[in-house]
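A quick write-up on the structure given underneath.
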There are 2 protein chains.
Amino acid sequence: MQQEVREQLKAKLAQHGVSATNQRIDIAEVLFEMPQHMSAEQIIERLKSNDKSVSKATVYNTLNMFVAEGLLREVHVDPERTFYDSTTHPHHHFFNVKTRELIDIPASEISVGQMPPLPAGTVAEGLDVVIRIRPSPV
Amino acid sequence: MQQEVREQLKAKLAQHGVSATNQRIDIAEVLFEMPQHMSAEQIIERLKSNDKSVSKATVYNTLNMFVAEGLLREVHVDPERTFYDSTTHPHHHFFNVKTRELIDIPASEISVGQMPPLPAGTVAEGLDVVIRIRPSPV
DNA sequence: TTAATTGCAAACATTTTGCAGGTTC
DNA sequence: GAACCTGCAAAATGTTTGCAATTAA
């Protein structure tokens with residue numbers, strides 16, 4: 001049963017040209033269990049509590065590879081850490097600056113109207129909308 | 001003449017409750033010369049080439065204080081460094097992921113339509129739109 | 001068996017901090 | 001002279017790298 005999930009993940013990695021080692025599947029298992037945003041440290045903690053031992057270096061190597069191959073998206077809103085977002089199709093985020101939590105906003109719920117002309121000699125790579133929020137004051 | 005600029009900056013700092021030391025004015029001089037985005041290191045370099053010697057610690061302390069007092073805005077798009085934006089009124093950015101440069105987009109040039117409801121118990125603090133760009137392929 | 005991958009520890013880069021000495025009002 | 005500010009060096013993070021040992025095709 002668990003084994004089946006791992007087989008599916010192996011296929012997913014293969015589709016993106018990533019050969020599947022045990023460690024990479026362990027990491028994928030954490031990330032792709034549900035749509036979510038995690039920092040490298042959170043991933044390492046989760047692996048630990050799942051009794052999987054994967055070194056920090058391998059976690060970072062793997063995350064960078066997943067990003068390069070389009071399996072993951074990096075989100076940069078918190079200067080202290082990079083978040084890895086297991087949802088790769090276009091969408092946006094709330095960022096709670098107090099709790100440092102990211103919350104998805106489906107692309108359909110925000111409409112960005114006219115776009116300014118791009119600077120000469122450049123092409124657009126992506127559009128990120130971040131709504132910074134904080135807990136309501138008492 | 002130069003002296004006059006420094007007097008104006010001193011007044012600007014005072015308005016924001018920041019007492020004006022020589023170092024703080026040196027830093028303000030660099031930042032507020034024109035609307036721009038600089039990393040701490042770029043600011044330190046500029047100070048050096050202006051023959052102003054301000055220690056790294058003081059630059060960081062000052063930048064944090066300016067941000068806290070609303071004289072500056074931090075921009076987080078590049079995981080490797082924080083940018084300090086001398087334009088504090090609402091606007092958006094192009095970020096060239098190759099050259100790591102920020103370019104302003106006036107708020108009027110982007111219209112963000114409907115906004116999704118905020119998560120319960122939170123209030124909005126700000127809206128950031130970043131259009132990631134890269135040099136056109138040859 | 002050759003190439004790819006892992007893990008450790010050391011290296012790095014950016015930012016923060018502790019504290020002694022200096023400055024300011 | 002009391003409170004504040006600066007600068008140095010050391011510390012703290014988060015991330016990357018070098019390299020020897022291990023695993024996989």
Side-chain angles (χ1 to χ4, degrees), chain A residues 6-7 9-11 13-14 16-30 37-48 51-69 71-85 97 100 102, chain B residues 6-7 9-10 13-14 16-30 37-48 51-69 71-85 100 102:
Chain A
R6 293 179 73 87
E7 281 306 320
L9 286 170
K10 203 162 167 172
L13 300 198
H16 289 259
V18 173
S19 63
T21 65
N22 284 329
Q23 288 90 332
R24 289 176 187 169
I25 296 177
D26 291 343
I27 294 169
E29 212 168 21
V30 167
H37 321 88
M38 303 180 83
S39 65
E41 216 202 324
Q42 289 175 321
I43 294 166
I44 291 167
E45 279 312 305
R46 179 73 69 83
L47 288 166
K48 224 171 264 173
D51 285 308
K52 310 279 182 180
S53 106
V54 184
S55 76
K56 192 178 287 197
T58 298
V59 170
Y60 277 104
N61 285 341
T62 301
L63 291 172
N64 287 337
M65 167 175 285
F66 283 7
V67 169
E69 301 305 333
L71 281 154
L72 277 185
R73 250 181 65 175
E74 286 179 337
V75 182
H76 303 296
V77 270
D78 186 335
E80 322 247 302
R81 69 202 96 251
T82 296
F83 285 102
Y84 296 89
D85 188 338
V97 298
R100 317 205 115 157
L102 278 171
Chain B
R6 293 179 72 88
E7 281 306 320
L9 288 170
K10 203 162 167 173
L13 299 198
H16 289 258
V18 173
S19 64
T21 64
N22 284 329
Q23 288 89 333
R24 290 178 186 168
I25 297 178
D26 290 342
I27 295 168
E29 212 168 23
V30 167
H37 320 89
M38 303 181 84
S39 66
E41 215 200 326
Q42 289 174 322
I43 294 166
I44 291 167
E45 280 312 306
R46 178 72 69 81
L47 288 167
K48 224 172 263 173
D51 285 308
K52 310 280 182 178
S53 105
V54 183
S55 77
K56 193 179 287 198
T58 296
V59 170
Y60 277 104
N61 285 340
T62 300
L63 291 172
N64 287 336
M65 167 173 287
F66 282 8
V67 169
E69 301 304 333
L71 281 153
L72 277 185
R73 249 181 63 175
E74 285 179 338
V75 182
H76 304 296
V77 271
D78 185 333
E80 322 248 301
R81 71 202 95 252
T82 295
F83 285 103
Y84 296 88
D85 188 338
R100 316 206 115 156
L102 278 171

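So that the names make sense, note that chain A is the first sequence line, chain B the second, and so on, each numbered from 1.
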Output the rounded distance in Å from [atom1] ([X]) to [atom2] ([N]).
X	N	atom1	atom2	result
D78(A)	dT13(D)	CG	P	14 Å
F66(B)	dC5(D)	CZ	C1'	13 Å
M65(A)	dT15(D)	CE	C1'	17 Å
D26(A)	dT23(D)	CG	C1'	15 Å
I25(A)	dT5(C)	CD1	P	13 Å
L63(A)	dT6(C)	CG	P	12 Å

Heavy-atom contacts, protein to nucleotides 7-25 of chain C, under 4.0 Å, summarised as B (base), S (sugar-phosphate only) or - (none) per nt, yield BB-----SBBB--------

Rounded to the nearest 0.5 Å, what separates atom OG1 in T82(A) from atom CD in E41(A)?
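If I round to the nearest 0.5 Å, the distance is 13.0 Å.
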
### Message
Rounded at 0.5 Å granularity, tell me how far CG in L9(A) sits from CG in D26(A).
### Response
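One gets 10.0 Å once the value is rounded to the nearest 0.5 Å.
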
**Prompt:** According to the side chain to side chain donor-acceptor pair (under 3.5 Å) rule, which pairs have a member within residues 56-65 of chain A, sequence neighbours left out?
**Reply:**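 Listed by first then second residue: S55(A)-T58(A).
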
Checklist line | Over 12 non-hydrogen atoms of neighbours within 6.0 angstrom of CD in E80(A) | finding: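 Count over threshold, so yes.
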
Worksheet item: Taking the side chain from R24(A) and the backbone from S19(A), do they hold a donor-acceptor pair closer than 3.5 Å?
Response: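 Such a contact is found between R24(A) side chain and S19(A) backbone.
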
Any S19(A) side-chain nitrogen or oxygen under 4.0 Å from OP1 or OP2 of dA25(D) =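 It does not, given that no N or O in the side chain of S19(A) lies less than 4.0 Å from OP1 or OP2 of dA25(D).
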
Checklist line | Residues forming a ring pair (Phe, Tyr, Trp, His ring centres under 6.0 Å) with H76(A), sequence neighbours excluded | finding: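 Here no residue qualifies.
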
